[in-house]
Amino acid sequence: MKKQELRHDWTKDELLAIYNSPLLDLVYQAASVHRAWHPADEVQISTLLSVKTGGCPEDCSYCGQAARYHTDIKVQALLPTETVLAHAQKAKDAGSSRFCMAAAWREVRDNRDFDRIIDMVKGVNEMGLEVCCTLGMLTESQAQRLQEAGLYAYNHNLDTSEEFYDEIISTRKFDNRLETIKHVRKAGITVCSGGIIGLGESPTDRISMLMTLANMEKHPESVPINALARVAGTPLENLPKVDVWEMVRMIATARIVLPSSMVRLSAGRIEMTEVEQAWCFMAGANSIFTGERQTLLVTPNPGVDEDMQLLKNLGLKPMKKEVKNTCSMN
Ligand code: SF4
């Protein structure tokens, strides 16, 4: 299969037709697109560290870090820079090429904590790792500061469709998300943006969210597809587990409409068997988050050793550091 032109004019009907096509055809098509655009035997390994945990003023219904829900998550102030850099070094030694730092903030404030984040970004960048942050909403000048410190990517998920947004979050608007993504782009930082399935949304909502991403002037370089991790104490704790075939459909559709992007199999992976994860790789996922089980992450993730064994079993290998711009041909 030859690389098709990247498109930015997808319609809902087109996307729904892809999403609802017979599963094996869908996976075959997605696997073909994957092979045309990416080495199919490589998976990017990203390590995620929560640098500031819990106590968030936002009300995202799926999140155990929202201060208003009573969850088991322990509030943790911003970690010392040396601690973060030690984790980054460990992640690099274990085969990660990207290190993501997450802070449970509504938005970045121009204060000492942000100065410390800037130091962390500089330090991780100097180690030769791609450095990514997710810190909430950003202004244009904050994005610029992060870029100057060496930030490679900024994660800011759409979460769900514009139509369903108010059902999940009331403390901000869908447009706020787009605004931050615009600031990130303008600063020349790559964009990591995707969403979550299993929030009670319809397939049309899923498609609508993918359509927003696929019709951006420039596709996000990285697109995390999460399955709801049901955190006790949050409003969504009793929703049913996401069916694996729905994850496979979502990943395959994302792969087809965002062919140059890294499609990341993210939260919810711990509830999947190896066989189920293999289906997701076949459907075009080529990036995973890994971490020290339960210690660094706010929702559990498989441990690093298990992930390496999984890749070995499937004949996959960790991707070397992405060269800037390889994924930004749109
Ligand atoms: S998802 Fe982020 S913004 Fe929303 S409550 Fe959790 S930490 Fe806060």
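As the structure lists them, so they are numbered: ligands from 1, and atoms in each ligand from 1. Side chains included, hydrogens not; waters and symmetry mates left out as well; all remaining heavy atoms used. One is the number of the first residue; the rest follow in order along the sequence.
- Residues Ser208 and Ser161 bring no donor and acceptor atom of their side chains to less than 3.5 Å of each other.
- With no hydrogens or angles considered, a side-chain donor-acceptor pair links Glu148 and Gln144 at under 3.5 Å.
- In summary, the side chains of Asp205 and Thr160 do not present any donor paired with an acceptor at a separation below 3.5 Å, with no hydrogens or angles considered.
- Judged by distance alone, the side chains of Ser287 and Arg264 do bring a donor and an acceptor atom under 3.5 Å apart.
- Under the 3.5 Å distance criterion, with hydrogens and angles disregarded, a donor-acceptor pair is assigned to the side chains of Tyr62 and Asp159.
- Atoms of ligand 1 lying under 4.0 Å from any heavy atom of Arg172, numbered from 1 in the order shown and given with element: 3 (S).
- In summary, Glu107 and Arg109 engage in a salt bridge, as defined by a charged side-chain N under 4.0 Å from a carboxylate O.
- Protein heavy atoms come within 4.0 Å of atom 5 (S) of ligand 1.
- For a distance threshold of 2.8 Å, the protein N, O or S atoms nearer than that to atom 4 (Fe) of ligand 1, listed by chain and number, are Cys60 SG.
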Contacts under 3.5 angstrom, residues 21-32 side chains, donor-acceptor by atom type, not counting sequence neighbours:
unit_1: Ser21; atom_1: OG; unit_2: Ile18; atom_2: O; d: 2.7
unit_1: Ser32; atom_1: OG; unit_2: Tyr28; atom_2: O; d: 2.7

